[in-house]
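Because the structure is a prediction, the values reported are computed rather than measured. Lettering of chains follows the sequences in order, A, B, ..., and the numbering in each one begins at 1.
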Amino acid sequence: DQQVKQNSPSLSVQEGRISILNCDYTNSMFDYFLWYKKYPAEGPTFLISISSIKDKNEDGRFTVFLNKSAKHLSLHIVPSQPGDSAVYFCAASVSSGGSNYKLTFGKGTLLTVNP
Amino acid sequence: GAVVSQHPSWVICKSGTSVKIECRSLDFQATTMFWYRQFPKQSLMLMATSNEGSKATYEQGVEKDKFLINHASLTLSTLTVTSAHPEDSSFYICSANNEQFFGPGTRLTVL
């Protein structure tokens, strides 16, 4: 039972354009969401997160949007750069009041930014 | 920023042998570390939560006798894959305390 779904295994975008990566979840208890970037044979690198009390969080070229009613979040990268090419993972957790969250990951979306 | 290291970065072993993977927090203390496994083109799956000074908590379907976890200090957790078999071949990744800090991963290949 995939609680976090990234339905697009890959996405190809032209340099300078916007990349939109989508993620859906089924567990309504999830209240904290994260996006990671991952290169092959490396660990994930944290990009940006959002709490369920917000619907948008922005950090530089990265913006995450959360639609709780639709159980959907998206990561926008503007402008896209060739160095952004990697696998992007969406993750979700149920906050327990502490800082040690168990993460549930999606299967990832391979983003390719063409020069 | 905080750094998490793993050792070894890759290992090849024969079926039936045991392999130990180390996860270290280099500039902070980690009371909790998480161990994940990733099969090719799959998501990272949480295997267990390692708590310093106490027993690890395993996710459903993960055999605790096969994947031994020790978290004896605030900077080190180890995962030992006992009697490894080819189906255990995978990419093992740890994270420490804050969910933002992942190690670089260990590629295990069991022949």
Between the main-chain N or O of A/Gly16 and the side-chain N or O of A/Ser80, is there a donor-acceptor pair closer than 3.5 Å? no
A/Lys5, NZ: over 12 other non-hydrogen atoms inside 6.0 angstrom: no
If you count the non-hydrogen atoms of other residues, nucleotides and ligands that lie under 6.0 Å from NE2 in B/His7, is the total more than 12? no
Donor-acceptor pair, side chain of A/Glu58 and main chain of A/Phe62, under 3.5 angstrom: no
Residues 106-115 of chain A: residues contacting chain B (heavy atom under 4.5 Å, by number): A/Gly106, A/Lys107
B/Asn51 side-chain N/O to B/Ser54 backbone N/O, donor-acceptor pair under 3.5 Å: no
Polar side chain donor-acceptor pair, B/Trp35 to B/Ser95, under 3.5 angstrom: no
Side chain from CB out, backbone as N, CA, C, O: work out which of these in B/Gln38 comes under 4.5 Å of a heavy atom of chain A, or both, or neither. side chain
Quick one: what part of B/Ile93 sits under 4.5 Å from any heavy atom of chain A, side chain, backbone, both or neither? side chain
Is the side chain of B/Glu22 donor-acceptor paired with the backbone N or O of B/Leu79 at a distance under 3.5 Å, no angle test? no
Contact leader toward chain A among B/Gly105, B/Ser9, B/Pro104, where contacts are heavy-atom pairs under 4.5 Å: B/Pro104
So, for B/Phe34 and B/Phe102, is the gap between ring centers shorter than 6.0 Å? no
Does any heavy atom of chain B fall under 4.5 Å from the side chain of A/Gln6, the backbone, both, or neither of them? neither
